[in-house]
Amino acid sequence: MTQRTFSIIKPDAVRKGYTGAILAEIEKAGFKIVSIKKASISKEQAKGFYYVHAQRPFFEDLCTFMSSGPLFLMVLEKDNAIADLRTLMGATNPANAEEGTIRKQFAGSIQENAIHGSDGEDTAAFEIGYWFAGCELI
Ligand code: CMP
């Protein structure tokens, strides 16, 4: 079933010049880029986006990092998009990520891990709606 997911190319990957290489991996894996935009987000916007992690010890650092430079916000589409993107991304900690995954190739640490992908249908709906208006999803 065709499904949409939300993804971010994070500030670490943009800074290192990996945006094009990561987009190539995503397209090679069969994802259609429904929408993409570059943004510099505030720490408050990052806190709203990651609200489920508000009680975690890494929350403040994560939100500082996510607001530290430009990133790319994306809506991606394919069959089984949510699970397939998470497989393509690899484990949260790049040290545990499988060979060939985006995080294995491009991530530097568990926090600065190059890419985000929604972890379920409800999360994808929230995350797409947080960053994109309906008229941008064409
Ligand atoms: P992401 O998939 O965007 O979801 C939450 C983010 O929090 C995660 O990627 C990492 O960037 C960060 N994160 C998760 N666990 C840790 C951790 N133990 N220490 C630091 N950052 C973390």
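Each ligand, and each atom within it, is numbered from 1 in the order the structure gives. All of these numbers come straight from a predicted model, not from anything done at the bench.
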Q: Find out if a path of hydrophobic residues (ILVMFWY) with successive side-chain heavy-atom gaps under 4.5 Å connects W131 to L76.
A: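 Not linked; separate clusters.
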Report, one line per pair, each donor and acceptor closer than 3.5 Å where one atom sits in a side chain of residues 1-8; sequence neighbours left out.
unit_1, atom_1, unit_2, atom_2, d
T2, OG1, D79, OD1, 3.4
Q3, OE1, A81, N, 3.1
Q3, OE1, I82, N, 3.0
R4, NE, E77, OE2, 2.7
R4, NH2, E77, OE2, 3.4
S7, OG, H116, O, 2.8

Q) What salt bridge (charged side-chain N to carboxylate O under 4.0 Å, His left out) pairs are there with at least one residue in residues 85-98, not counting sequence neighbours? A)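 For residues 85-98, and leaving out neighbouring residues, there are no salt bridge (charged side-chain N to carboxylate O under 4.0 Å, His left out) pairs at all.
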Q.
Regarding K43 and E60, does a basic nitrogen lie under 4.0 Å from an acidic carboxylate oxygen?
A.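 Yes, K43 and E60 are salt-bridged.
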Side-chain atoms of residues 49-59: list all donor-acceptor pairs with protein atoms under 3.5 Å, sequence neighbours left out, distances to 0.1 Å.
unit_1, atom_1, unit_2, atom_2, d
H53, ND1, R56, NH1, 3.4

**Q.** Exercise: identify the closest heavy-atom pair between T92 and N113
**A.**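 The pair with the smallest heavy-atom distance is O-ND2, 3.3 Å.
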Please tabulate, one line per pair, the protein nitrogen or oxygen atoms found under 3.5 angstrom from a nitrogen or oxygen of ligand 1, with distances to 0.1 Å, or say none if there are no such pairs.
unit_1, atom_1, unit_2, atom_2, d
ligand 1, 2 (O), R103, NH2, 3.2
ligand 1, 2 (O), H116, ND1, 3.4
ligand 1, 3 (O), K10, NZ, 2.8
ligand 1, 3 (O), Y50, OH, 2.5
ligand 1, 3 (O), H116, ND1, 2.8
ligand 1, 9 (O), K10, NZ, 3.0
ligand 1, 9 (O), N113, ND2, 3.3
ligand 1, 11 (O), K10, NZ, 3.0
ligand 1, 11 (O), Q111, O, 2.9
ligand 1, 11 (O), N113, OD1, 3.4

